[in-house]
Structures are given as structure tokens and as C-alpha cells.
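Note sheet for the following structure.
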Amino acid sequence: MNTDLTSNLNALNDAQKAPTLHKDGPLIVIAGAGSGKTRVLTFRIAYLMSQGVDPFSILALTFTNKAAREMKERIGELVGASEAKNLWMGTFHSVFARILRAEADKLGFPSNFTIYDTQDSDRLIASIIKEMGLDKDIYKYKQVRGRISAFKNSLITVKAYYNDPDLQEADAMSRRPEMGAIYKEYVDRCFKAGAMDFDDLLLRTNELLNRFPDVLAKYQERFRYLLVDEYQDTNHSQYLIVRALADRYQNICVVGDDAQSIYAFRGANINNILNFQKDYPDVSLYRLEQNYRSTKTIVNAANSIISHNKNKIDKVVWTSNDQGAPIQINRLITDAEEGRYVASSIFEFKMQEQRKNADFAILYRTNAQSRAMEDALRKRDIPYRIYGGLSFYQRKEIKDVLAYLRLLVNPKDEESLKRIINYPPRGIGQTTVDKLVVASKKHNLSLFETLDRAKELEVPMNAGTLTKLTDFATMIKRFQIENESLNAFEITDLVTKKIGLVQELKKEATPEGIARIENIEELLNGIRDFTEGQKELADTTGSLTEFLEDVSLATDADRDNDPNSDRVSLMTIHLAKGLEFPYVYIVGMEEDLFPSAMSMNTRSELEEERRLFYVALTRAEQRAFLSYTLSRYRWGKLIDAEPSRFIEEIDPKYVHHIKPKEEYHYKPLVNTSIFGEPAKIERTPREKEKTISSPTPSQLKKLRRIDSHESSSEIESSIELKEGMEVEHARFGSGVVERIEGDRNNKKAVIAFQGFGKKNLLLRFAKLKIK
DNA sequence: TGCACCGATGTTTTT
DNA sequence: CATCGGTGCA
């Protein structure tokens, strides 16, 4: 065995070593948060390779592409990068998209099939509803899409739907008797367009493995060792794929934590992990319960939260780490103030404890909450990076360019065609498109083919329009020919130049237009990097098809161009899974927001929200901060809020309620630290709530007005401080200015405080009072 | 057919 | 508060 590997293996604890060294046969690792789950997976793969297992026969399914990449890197460090390269690692979606490309013809799909994203699906469903003449208020496309997605994830095909009277009745009962018809039309249209949506990538893989035993056998042979990370978040469709592939050799290793199952809304079935032992009677079960990540306070507080759930595997996560600081709970008036509090707090910790920006994360339940945080961070010049939300590839201008590329790779792609047929405007309007759709149905041709042959098919339209159609078709066909001899970057460059999109945006000369041009340039850079990167890999060609697949399955977290830059991370709790940060702020701890109003109807929904909170809290290594507001902007209106029930569920011995300082709001010129005196806690937060005077509605209005003004810190920046001055700091008490350095916004002062020693404070933000 | 404007409408979470 | 779809006019 590689000596590096041996010495590294010795660094594992016994509980980690056991599953790592388990060679053949099924095993399940129930791993508590922060217990070294990823380590076990990486070492296990490295160990298998050291035992002579061919890397080509190992398939590891991870939850994100990023996780796969990082794991591959770490394995590369253990066994050598060239060997590690041959491992198959990725998300279910990306791995099986590749397999489906190779086998597409068996299912009647072109090998360069398009992957429809959620937006494509929505548009298609909306147009089907419209074409069928259904009431769009009853058939809401998002609900319909959700229903179809649920069917697919449970492997209910159109045929199965029609064979199941219960399903049909359920839809009829909810006044949607045409659900099956929409489902059928949607599937047909996707097929005709040579397109698969996200769910199809799994459903069609199942179809492939079920219908073609030889194909199944091929991949069973190929992937003799299977590893699945985050197994608690697999849905039924994924579960069946794994079971089918593992059936022959039973070398299946799944790792997960039932307490961190947070994807039920997209079909994840927690029973997959709860019942794993039933599926594989010979299974070895390993538990990792020692947490290496967090303080005792955080681990125990998290345990106290999850104990409120009924449906779980019993385990005790523990740690030998220090006790650590209590979890701070802050009450703020508005969401804007919450942002300011977080920014101030981060700032103070940076100064006092010499922390980097990257040591901090702000986690929230919904993407919309990021705005208040961004505003506050910007005001304090704290660099940050947002993950998720509207991802780069979902921006309009990017989707427009990509639509051209998708269309020339797969001319049957109806959604892409509709998107760009008149963008930039070329005089082909809705009426024409509608006529083409009708004709394409009549002749059973794709939309592009119909358009291309509009004349011979005698689609009724005037000569001018016909010419425009021909011009468009000619342009696309020219791109197709060019594409044969160009790589992904060159063809994209050509297309963006030829369609005149950039010129169009330049003409606008608006800030948004400029930003869009920059985005398109960034896209081009991204494609160049991609083609360069692919040159080194033997099994790929750097073709447009591959790039488009990468793009459609990439998440924003994958597009991290400078992972080393020092920034505060902002993301939803869902995206934070698997990550860790020294300091974690969990904001918006309010009823109806977290837990979400949509998830309080059933016990299981509420339990999932609670697991989500568990995930959030266990991201923290050293300190966690919770905050809630009394009112927050939602749909542009100020809504009253109530503290989340989850706050009360934490064992009170681990929390510390920060007493709200009203002066902070009423007199922004007075320098008060947001960290006031520790509140004495004998009561639950909700009881306490009553004793602390809540602002009256008119006061609230006044607060809001102050709130919308400049933050107090900016006003303070004008204070002229000189050496030798005596000052008062809300936290450090009184002190003497020893030295002033820096200029303008970055003016700093070294101040000797009594009892706290010397501190270097940035004047712009330090809350100082001159004595 | 294209564009500017208006009102309705909706927000969980993501591959 | 955004975005979307619909409407009405050039």
C-alpha cells in the first residue's frame, strides 16, 4: 500500500476506519453532522484502489458537482491524480445524462438531446395548457409541473397514470381532470423535441435499465463498486437505479444522515435510508457519531432540536471539542436592521479576532432574504458572495445565447426555437409562431422543420413573412455547418457576433444593457476555459454538446471562479449542506418563514423544516447567531413577524438572548454596541416577548423611517478623532487614542482601552464616543 | 407586428 | 417588489 495512504489511514479514528477498510458487500454508514463522512468516502475509494480495484469500475454519486470535484482532488492527493482521473464521480443527473447520451438511440432520442431546465418545462406546460384551451387559473403551470415531476420521480409513466384510477380520481377531485392529458402531451412534446427534463434523466435511465437487460448487465459489470453520498436525499427513481446497478455485485456503500434529509419536496424519500437494511440483509452498518467540527454547545443544541422529531434513527452525536460560546439570539425591528446587525457583528469579529471574511456565512431559508444582507454588507465594504438564487446560466441574455447554441445542436428543440425566433426582433410574431405550431402538429414534424419547409407545406402566410422565415432557417443551418469544424468557443463567438445581440444591447446604452454585454463576455470566457480544459482529457472532445450539458446541470456553486477570494458566504440553508464555517449567522428565525408557512400542514413537513434547522446550526464550527425580526418586507409590504418555534426548542442552557437596545433605533447618533448586556434568561423567548415593550404601530412607522435612512455608522465616520483623545467604546469602555493611520474610509486608530488592551479599530465603523 | 404600459399575481427549498 | 402576461396603440 502507498505509504502516504497508510499514514493517512492511521489518522482516522476507529469508527471511521471500519467502513473505510470494508472491502466487498453492502454497507451503510450513518454519519452524524461533522463526523468525517466525506473523509470516509475519499479514503475508502483510495483504499479500494490500493487493493487493486480498477478506478474505471468505481462509481461515486455525490449530491453536487462541486462535492465530486473536491473528492476527486483529495483522492488524487492520496493515489495520484492520473489514477483518480479515471474514477466516475458526479451527481446522479450528470452521470446518467452521460450514460443516456451513449445509449440514447435505444430510447429513440438523439444522442445530443437537449436538457430542459425548469423554466423550459414551465413554458412548455404553459403553452400546452393554452393550446388545450384550459383555464390557466385552475391549471397553474407550476402546480402542473410539480405534479408531473412527482409522477416521474415515483416512476409513474403516462401509461401507469392511466392504469391507476386512484390517481385520475384524485386529479378529478381537485378539478383537474385533464392532468393526464397534459402529462401525455408534455411527454410527447419533449420526446418530439429531443429533450429531457431533469426528472427524465432519472426516469429514462430506469427505462433504459429495465427494458434492455444487456445494457443493465454492461453497467453492472462496469460499476462493480458503487458509492452514494447523501443517501437520505435520494428519491424513488434514484433509489431504483442504484438498486439495479448494485444488484449483481452488491458492492454498494451508502453514506448519509437521516437527520439531514431536506429534499422531500423534490421527491427524496427518507425511507430509502431507513429501510436500507431490509434491502440488503447482509449489510454492515457503521455509525459515525463523533463530531469533529463544532463546539459542545453547538452539537448539544443541535441534538436538542432534532430530539423533537419522531421519525428518526437514534444516534448520539457527541464531541470532545471545547464547550464554546453560547448561541446568540438577537431580536431586531426590521429586516434592514437585521442586515445591519449581521454586518456590524461580522465587522467586530473581524477586528477583534482577526477573522477573514471567508470565516463567516449567512444562511437563510429563502433566497429573497439575501437582499437585506447584501445591502448591509455593501455599506460596510464587506466583500461577499451569493450562492444560488438566479444563477448565471438563468439570466435572460445568457439563456438567449444558449438557446441559439442548443437549437443548432438539436434543431428539434422547440423551447429554444420559440425563445429566439424573434429575438433579436426579425419580424416573426406570435401569430406566425402559432400557425407553425398548428402546422407542425398536422404534419407531425418538428417546429424547425415546419418552419424550414413552410412554403412546400403551404402554411398560410404572406410572402414577406415567408422570406423572414427562410432567412432565419438559412442562418441556423449555416451555423450548423460551421459548427462541424469549430470548437465550442469558436462557434459561440461566431453566433454572438452574427445575431447582433451585443450591438442591440450597446444601442440601448443602459446600465442593464452593459451588464448584459459583460455577462455574455463572461459566458464566452467560460466557454473558452471549458474548451481549453477539455483538450487535456482524452475521452472528451470539447464539443458544444458537452458544454451545453455541463451548463444545464451546473449549479451556481459550481461556477466559483475564485474559490480562494476572501468573501463572506451568503446562501440558503439547502445549499449550505455539506459545508462548514467558523461563524454562522442564521437569519429570519420567524414563524411562517422558518418554518415556512407552506410546510406547517403536516407533521412530516414540519419535521423536515426542523431537520433543515439542524443542518443550518451544525454548519457552525465555533459560533452560531440566530436572529429574528418583528416585521419584515414581504411582497413589498411590511409584515408582522413572530419568533420561530425552533428558537424555543433549543435547550435554553445553550442560548443567550441579546437584550434589544432601543436606543440603537431611536438615536442612531448615540454609540451603542449592538451587543448589549447579557439578558437574564429565566423565561422562554415568547414569554419574554411580552415583558419587553413592543413598539406600537405608530412607533413602528417611525422606526421604519429611521431604518430607511443612512445607517448610523456613516454618520459617525465624520467624527474627527485625534491622537491623545479620550474615547468611550460601548464594548471596551474608555480608552486613549494612541495612533491614527490610514486615510479616508480606511482610517484606523490604535486605542488603548482600560482592561481590554490595545485595539486597532476602523473608525468608519467603530462606535466611539468622544469624552 | 412591435412596443409601451398596466395590473394581476405570487415566494420555500434545487438537480 | 418583480416578473409575467395581456392590452391597446403606432
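If you're wondering where the values come from, they're calculated on a predicted model, not measured in any experiment. In what follows, chains are A, B, ... by sequence order, proteins preceding strands, each numbered from 1.
With hydrogens and angles disregarded, no donor-acceptor distance shorter than 3.5 Å links the side chain of A:Gln260 to the backbone of A:Arg611.
Annotation: cation-pi pair A:Lys396/A:Tyr423 present, NZ/CZ under 6.0 Å from the ring centroid and within 45° of its normal.
Residue A:Pro425 places its side chain closer to B:dC3 than to any other of B:dC3, B:dT12, C:dG6. Listed nucleotides C:dG5, B:dT12, B:dT14 differ in distance to A:Phe265; the shortest reach to its side chain belongs to B:dT14. Here C:dC4 is the nucleotide among C:dC4, B:dC3, B:dT12 with the atom lying nearest to any side-chain atom of A:Gln119. Which of B:dT14, B:dT1, C:dG6 sits closest to the side chain of A:Leu575 comes down to B:dT14. Taking the side chain of A:His574 as heavy atoms from C-beta on, and the options B:dT12, B:dT14, B:dT9, the nearest nucleotide is B:dT14. For A:Arg371, the listed nucleotide lying nearest its side chain is C:dA2; candidates were B:dT12, B:dT1, C:dA2. The side chain of A:Lys136 sits closest to C:dG5 out of B:dT12, B:dT9, C:dG5. If you check B:dT14, B:dT12, C:dG6 against the side chain of A:Arg365, the one that comes closest is B:dT12.
Distance CE (A:Met571) to P (B:dT15): 12 Å, rounded to an integer number of Å. Following rounding to the nearest Å, A:Lys399 (NZ) and C:dC4 (P) show an atom-to-atom distance of 11 Å. The distance between atom CG of A:Asn601 and atom C1' of B:dT12, rounded to the nearest whole Å, is 13 Å. Between the CG atom of A:Leu612 and the P atom of B:dT14 there is a distance of 10 Å, rounded to whole Å. In this structure, A:Asp200 atom CG and B:dT15 atom C1' are separated by 13 Å, rounded to whole Å. Look at CG on A:Asp229: it is 15 Å from P on B:dT15, rounded to the nearest Å. The interatomic distance linking A:Arg69 (CZ) with B:dT15 (P) rounds to 13 Å, in whole Å. When rounded to the nearest whole Å, the span between CZ of A:Arg634 and P of C:dC1 equals 16 Å.
In this structure, A:Thr118 does not reach the B:dT14 phosphate: none of its side-chain N or O atoms is under 4.0 Å from OP1 or OP2. Side-chain nitrogen and oxygen atoms of A:Lys142 include none within less than 4.0 Å of the OP1 or OP2 phosphate oxygen of B:dT9. In this model, the phosphate group of B:dG2 is approached by a side-chain N or O of A:Asn422 to a distance below 4.0 Å at OP1 or OP2. Phosphate contact (OP1/OP2 of B:dT1, side-chain N/O of A:Arg426, threshold under 4.0 Å): absent. OP1 or OP2 of B:dT14 has at least one side-chain nitrogen or oxygen of A:Thr572 nearer than 4.0 Å.
Mapped onto DNA chain B by nearest heavy atom, A:Arg145 and A:Lys468 fall at different nucleotides, with A:Lys468 at the one closer to the 5' end. Between A:Gln394 and A:Thr431, the residue anchored closer to the 5' end of DNA chain B is A:Thr431, taking for each the nucleotide with the nearest heavy atom.
Within the nucleic acid shown, A:Tyr263 comes within 4.0 Å of sugar-phosphate atoms alone, with no base atom in reach, counting heavy atoms only. Residue A:Leu593 is out of contact with every strand shown, counting any heavy-atom pair closer than 4.0 Å. Nucleic acid contact for A:Lys140: sugar-phosphate only, since backbone atoms but no base atoms lie under 4.0 Å from a heavy atom of the residue. Residue contacts for A:Arg123: at a heavy-atom cut-off of 4.0 Å it reaches no nucleic acid atom on any strand shown. Note on A:Asn367: only backbone sugar-phosphate atoms sit closer than 4.0 angstrom, heavy atoms only; bases stay farther off.
Neither side chain, A:Glu414 nor A:Tyr116, offers a donor N or O lying under 3.5 Å from an acceptor on the other. Residues A:Asn519 and A:Glu397 have side chains that bring a donor and an acceptor to within less than 3.5 angstrom of each other.
Evaluation of atom-type donor-acceptor distances gives a pair under 3.5 Å for the side chain of A:Ser599 against the base of B:dT12.
Side chains of A:Ser599 and A:Glu608 form no contact here, defined as non-hydrogen atoms less than 4.5 Å apart. A:Ser604 is not listed as a side-chain neighbour of A:Asn311, based on a closest heavy-atom distance of 4.5 Å or more.
Rounded to whole Å, the C1' atom of C:dG5 lies 24 Å from the corresponding atom of B:dT12. Nucleotides C:dG6 and B:dT11 have their C1' atoms positioned 23 Å apart, rounded to a whole Å.
Taking the six-membered ring where tryptophan is involved, the planes of A:Phe113 and A:Phe109 are perpendicular, since the angle between them exceeds 60° and thus also 30°.
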